[in-house]
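Below is one structure, written out as structure tokens; comments come after it.
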Amino acid sequence: MTTTESGTRAIGLWVGGERRTQGSGGTHDHINPATGLVDDTIPLAGAAEVDEAVVIADRAFESWRNSPPAQRQALLFTLADLVESNAAK
């Protein structure tokens, strides 16, 4: 999720490292419970995006499983550190 110039969040689908602003599954209006107003419209993945993501993940798994365990461990620790340092955002 990124922030737009107006300060609102820009929400999109992420498939294969690519941000998409539309999905074939339509959209969902997120309602702010404090105001009752729509604060974001969220694109929804449909079967096409899900199928594409599964193919991409399957290809990525081939590379991942052939990586040395120490390399995978280092990447997972880096990911954990990033998640932890951004948890409050």
Side-chain angles (χ1 to χ4, degrees):
M1 186 168 25
T2 58
T3 303
T4 64
E5 288 180 30
S6 66
T8 61
R9 294 171 294 164
I11 299 174
L13 297 173
W14 288 90
V15 178
E18 174 187 307
R19 181 177 178 270
R20 299 178 185 185
T21 57
Q22 295 181 345
S24 63
T27 59
H28 170 76
D29 287 337
H30 179 270
I31 308 294
N32 180 331
T35 65
L37 301 174
V38 174
D39 65 356
D40 277 311
T41 299
I42 303 165
L44 302 175
E49 291 86 15
V50 172
D51 289 345
E52 184 179 358
V54 168
V55 168
I56 291 168
D58 192 47
R59 275 192 237 134
F61 180 69
E62 288 297 318
S63 168
W64 177 259
R65 79 172 177 186
N66 292 323
S67 303
Q71 182 182 13
R72 289 184 281 180
Q73 177 187 31
L75 289 168
L76 289 172
F77 280 137
T78 299
L79 175 61
D81 290 343
L82 287 168
V83 169
E84 193 172 271
S85 67
N86 287 283
K89 291 182 182 181

Quick check: does any side chain N or O of [X] sit under 3.5 Å from a backbone N or O of [Y], one acting as donor and the other as acceptor?
{"X": "E18", "Y": "V15", "value": "no"}
{"X": "N32", "Y": "A34", "value": "yes"}
{"X": "S63", "Y": "R59", "value": "no"}
{"X": "Q22", "Y": "P43", "value": "no"}

If hydrophobic clusters are built from ILVMFWY residues whose side chains come within less than 4.5 Å, do F61 and L76 share one?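 As far as the 4.5 Å side-chain criterion goes, L76 and F61 are connected within one cluster.
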Distance, nearest 0.5 Å, that separates [atom1] of [X] from [atom2] of [Y]:
{"X": "T27", "Y": "I42", "atom1": "OG1", "atom2": "CD1", "value": "9.5 Å"}
{"X": "L79", "Y": "E84", "atom1": "CG", "atom2": "CD", "value": "11.5 Å"}
{"X": "D51", "Y": "I56", "atom1": "CG", "atom2": "CD1", "value": "11.0 Å"}
{"X": "R20", "Y": "W14", "atom1": "CZ", "atom2": "CH2", "value": "11.0 Å"}

Decide yes or no for L13 and E49: does some side-chain heavy atom of the first lie under 4.5 Å from some side-chain heavy atom of the second?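 They are in contact (side-chain heavy atoms under 4.5 Å apart), so the answer is yes.
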Any idea which heavy atoms bring G46 and S24 closest together, and the distance? CA-OG, 3.4 Å
Check L44, T41, V38, D40 against H28 for a side-chain contact (heavy atoms from CB on, under 4.5 Å) and give me the one that passes.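 Exactly one candidate clears the test, L44.
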CD/E62: more than 12 non-hydrogen atoms of other groups inside 6.0 Å: yes
